[in-house]
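One structure is given below, encoded as structure tokens.
Just so it is clear: chains get the letters A, B, ... in the order the sequence lines come, proteins before strands, and each one is counted from 1.
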2 protein chains.
Amino acid sequence: MTNPEFVSLEISPSSGVPIYRQLMEQIRRMIASNQLSPGDGLPSVRQIATQLSVNPMTISKSYSLLEAEGLLERQRGKGMIVSKQNTTTRTLEERIDLLSPAIDELINEAKQLDINSEIVISELKKRLGD
Amino acid sequence: MTNPEFVSLEISPSSGVPIYRQLMEQIRRMIASNQLSPGDGLPSVRQIATQLSVNPMTISKSYSLLEAEGLLERQRGKGMIVSKQNTTTRTLEERIDLLSPAIDELINEAKQLDINSEIVISELKKRLGD
DNA sequence: TCTAGTGTATTAATACTATAATACACACAT
DNA sequence: ATGTGTGTATTATAGTATTAATACACTAGA
């Protein structure tokens, strides 16, 4: 068991993507990278709901769908934990595949904005460096 | 006047983002980069609707909202054109600002997937190179 | 004038998203 | 036993997103 406080979830209300889907994607990625390991506990529904100022049932929906996918397990009366099945840590290649849509989106937008490849790369480096 | 056939629009039905917003963002970017210049014509509502297998009213919604923003102008009986006001081509800095969310999203996802900065950059370079 | 092509308004129906207020079954520590 | 903390089911409400079928006013060319 770990400290669910370390699981930091964020939402972008203006993105157009439903909140429950934003949360699902973040949790999926943290499990794929083993930042959330099998057996790890997740923050409670009410905790996240308060923190993000969102209805608890919205969080519950994310958890339920992730449970249906087999990524999370429900522990009655306790909370959600990362499943011990179906959660083998992904290889680097597999994780890069999961990152592909974001890369493609960046390239696509840069093209539409007519921004040079070199500039995209230097801008990315700048922000990666903090 | 130009050939609206060259305006290639794409949608990702699985992204969760409403179709009309996906279209708006793409058109906004192409105007900002002057790939669509003031006076240029846009594809007709029915043309895009057929091409994307989407209801014409969904396209019309995108156009109407962009007209309300001042980016497009309606030409009665003819079609939509890029407005001649409010569409000064953006400077490089401004366009980079418009690209920022996509960069931030990529960095955020890479972090959650525990993918190294160097790998993110090399992967981006790989795909930018075609 | 006719015809085909613009965008749009209208009305209806369906599905999805999110909130709200309760209530329930369960686990655990006291 | 009690209280607090889990996730969840229920019901209701509201707003948004999308499709569908028509109809309208306008433009342009034959």
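- Residues forming a side-chain hydrogen bond (donor to acceptor under 3.5 Å, both in side chains) with B/Arg74 (at least two apart in sequence, or on another chain): B/Glu67.
- At a cut-off of 3.5 Å, with distance as the only test, a side-chain donor of A/Arg127 or B/Ser100 sits close to an acceptor on the other residue.
- Atom CG of A/Leu65 and atom P of C/dA18 are 12 Å apart (whole Å).
- Taking atom CD on A/Glu67 and atom P on D/dT8, their separation rounds to 6 Å, with Å as the unit.
- Interface residues of residues 49-62 of chain A facing DNA chain C, ordered by number: A/Val54, A/Asn55, A/Thr58, A/Lys61; criterion, heavy-atom separation under 4.0 Å.
- B/Leu9 and B/Leu23 make their closest contact through CB-CD2, 4.1 Å (heavy atoms, listed as atom of the first residue, atom of the second, distance).
- Between the CD atom of B/Gln47 and the P atom of C/dT6 there is a distance of 7 Å, given to the nearest Å.
- Residues B/Glu109 and A/Arg29 are paired through a salt bridge, judged by an N-O separation under 4.0 Å between the basic side chain and the carboxylate.
- In this structure, of C/dT8, C/dT17, D/dT18, it is C/dT17 that holds the atom nearest to the side chain of A/Pro18.
- Remark: the B/Gln22 side chain and the B/Ser15 side chain contain an N/O donor-acceptor pair separated by less than 3.5 Å.
- Interface residues of residues 19-30 of chain B facing DNA chain D, ordered by number: B/Ile19, B/Tyr20; criterion, heavy-atom separation under 4.0 Å.
- Counting to the nearest Å, the P atom of C/dT8 and the CG atom of B/Leu42 are 11 Å from each other.
- Remark: C1' of C/dA4 and NZ of B/Lys78 are 16 Å apart, rounded to the nearest angstrom.
- Straight-line distance from the CD1 atom of B/Ile11 to the P atom of D/dT18: 9 Å, rounded to whole Å.
- One donor-acceptor pair, N or O on each side, does fall under 3.5 Å between the base of D/dG7 and the side chain of A/Arg46.
- A distance-only check finds a donor-acceptor pair linking the side chain of B/Ser33 to the backbone of A/Gln112 [under 3.5 Å].
- Nearest heavy-atom pair across A/Glu69 and A/Met24 is OE2-CE, 3.6 Å.
- Between B/Tyr63 and B/Ile27 the shortest heavy-atom distance is CE2-CD1, 3.9 Å.
- Look at A/Ser64 and you'll find a side-chain N or O under 4.0 angstrom from OP1 or OP2 of D/dT8.
- Here the P atom of nucleotide D/dG5 and the CD atom of A/Gln75 are 19 Å apart, to the nearest Å.
- Separating the CG atom in B/Asn116 from the NZ atom in B/Lys111 is a distance of 13.5 Å, to the nearest 0.5 Å.
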